Undergrad: 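Let me begin by handing over the structure; questions about it come next.
Note: hydrogens, waters and symmetry copies are ignored here, and every other heavy atom, side chains too, is used. These figures come from a predicted structure and were not determined experimentally. Numbered from 1 within each chain, the chains take letters A, B, ... in sequence-line order.
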2 protein chains.
Amino acid sequence: MTVAKDDLGGVALWRRIADAIRLDIVGGKLATGDRLPTEAVLAERFSANRHTVRRALAVLSDEGVVGAEQGRGTFVRSAKRLSYPIGKRTRFTEGLAGQANTISSRTLSSRLENASAVVAKALGLKTGSKVIRNDSVSLADGVPLSRATTWLPYRRFPDFVDRIAQLHRMTAVFASYGIADYARASTRISARHADVEETKLLGLSPGAILLVSESVDVDSAGEPISYALSRFPAERMELVV
Amino acid sequence: MTVAKDDLGGVALWRRIADAIRLDIVGGKLATGDRLPTEAVLAERFSANRHTVRRALAVLSDEGVVGAEQGRGTFVRSAKRLSYPIGKRTRFTEGLAGQANTISSRTLSSRLENASAVVAKALGLKTGSKVIRNDSVSLADGVPLSRATTWLPYRRFPDFVDRIAQLHRMTAVFASYGIADYARASTRISARHADVEETKLLGLSPGAILLVSESVDVDSAGEPISYALSRFPAERMELVV
DNA sequence: ATGGATTTGTCCGTATGTATA
DNA sequence: CTATACATACGGACAAATCCA
């Protein structure tokens, strides 16, 4: 089967318009309090019907990004996006400190499993080795900011499950094992659409875009201590190198 | 107006499925030659109809990522994605050397304009200062890899337009101005859907996801020499820090 | 070589979402 | 609000190709 030439790409026009307007807002082209162009002007700009533009604005209104006021226009309500710094010494909580009042992390599950080829390679283990798999969601001021899955070598962190339940933060668990300092060995960044589970956990509308970071942390001796797959909603976060 | 609760998100299911399968392939979970799960199994996994899965596979088949064979199954045809390294010394052409046979860059337009607030801030200039704006598309082995817009201070690079027309590569133009070495001061990474123009220039289907990099390069004295907004198709590239 | 199971390919129809006018 | 056209998604039925006992 061949896809038709006039394929619209599977992304609805109202969503592309909503994404474009949101980008202008979080990207700084429109500031909080600014009035958006009229629906008629936006319709002209995007070569779309006014109803289609209204659908896009309704979504942004539901998100709290804009607010429409009858007779006056549509205004920018909030225009902020958090920045997550990535470098040699990358710490999730520290990196976001100052950008939000409260950062919290909730462990969804923490269990033992056998390393897949990808995980084993990242941690320098043999495929099938025992590894801890820790699934978590992080929130800033109550808004979900990331969905992360972290794998650690079981051999080195045998009772990780108990310790994360007590200490909550990864840095604290490492410290409890005598790892005072650790460094980011590599970070690979890609992007894709959210799946159903991520959509629910992160409170997104299906089809939202995620920034995906694949990272390996090593101790001071250069030994891999964790491999993490972190997913950030692109509409709420940006990564700063 | 409020968006219905059963909102499908504006991104077609077949596209989300195609993106998920493509990610498994380029991400290494499936190697070239591997057989994909049967359409029935995939339908079960994604809670979708077999026809919807077939639509997703048709897209991947058109892309050349997979190939279906009646009675046998669907197989991975090609499983490669380019990696673009980002660090202190980031050079576009050098970074991709070895991953493709030919890297080329085509300037779409190169002209003088007045700096917007964002551009001025990045380059340490006053809003409205004269800046060069250079729009280009880069290709690896004939496949579009990036769409970049670069701004440079006019004061320092008065005849940039002529030089880029001759030298083609940014590093070469800098060298011609006596800048032997330069460094990456900051990189901010986000993601969004491609717009109509990017879709055409990069040869993507509308709705494709772009990785967006916003970067500032400085000379050895720490003076900003360029501000670039680069857009990479997420399905062809990943960024490595 | 044959039959049956598996898997992709094609056809029908129906309901709902998207976009315009 | 209506009406229209097309895309999306589902469901079922059956044909065609492949594989294996």
Undergrad: Could one point to a donor on the side chain of B:H51 or the base of C:dG9 with an acceptor on the other under 3.5 Å away?
TA: no
Undergrad: Applying ring pair (Phe, Tyr, Trp, His ring centres under 6.0 Å) to A:Y154 and A:F160, what does each step give before you reach the verdict?
TA: CA-CA 8 Å; A:Y154 173 71; A:F160 174 91; over 10 Å; no
Undergrad: D:dC19 C1' sits how many Å from B:R72 CZ, rounded?
TA: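 After rounding, the reported distance stands at 10 Å.
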Undergrad: Answer yes or no: is there an ion pair linking A:E69 with A:R77, defined by an N-O contact shorter than 4.0 Å?
TA: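 Salt bridge present between A:E69 and A:R77.
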Undergrad: Give a yes/no on whether any side-chain N or O of A:R55 is located under 4.0 angstrom from OP1 or OP2 of C:dA19.
TA: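 No.
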Undergrad: Could B:D24 and B:R22 be called an ion pair, given the rule that one side-chain N must be under 4.0 Å from one carboxylate O?
TA: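 Not counted as a salt bridge, because no side-chain N and carboxylate O are separated by less than 4.0 Å.
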Undergrad: Whole Å only: how far is the CG atom of A:L13 from the C1' atom of D:dA7?
TA: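 It works out to 13 Å between those atoms.
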Undergrad: According to the interplanar angle, ranging from 0 to 90°, do the rings of B:F92 and B:F232 count as parallel (below 30°), tilted (30 to 60°) or perpendicular (above 60°)?
TA: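 Aromatic pair B:F92/B:F232 classed parallel.
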Undergrad: Can you say whether a donor on the side chain of B:R50 sits under 3.5 Å from an acceptor on the base of C:dG9, or the other way round?
TA: yes
Undergrad: With a non-hydrogen cut-off below 4.0 angstrom, is B:R35 in contact with a base, only sugar-phosphate, or nothing?
TA: sugar-phosphate
Undergrad: Calculate the interatomic distance between B:Q70 atom CD and D:dC14 atom P; express it in whole Å.
TA: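 In whole Å, D:dC14 P lies 17 Å from B:Q70 CD.
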Undergrad: What's the closest nucleotide to the B:W14 side chain, out of C:dT18, C:dA21, D:dT8?
TA: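 Ranking C:dT18, C:dA21, D:dT8 by closest atom to the B:W14 side chain puts D:dT8 first.
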Undergrad: How would you label the contact of B:A48 with the nucleic acid (heavy atoms, under 4.0 Å): base, sugar-phosphate, or nothing?
TA: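 If one applies the 4.0 Å heavy-atom cut-off, B:A48 turns out to touch the sugar-phosphate alone, with no base involved.
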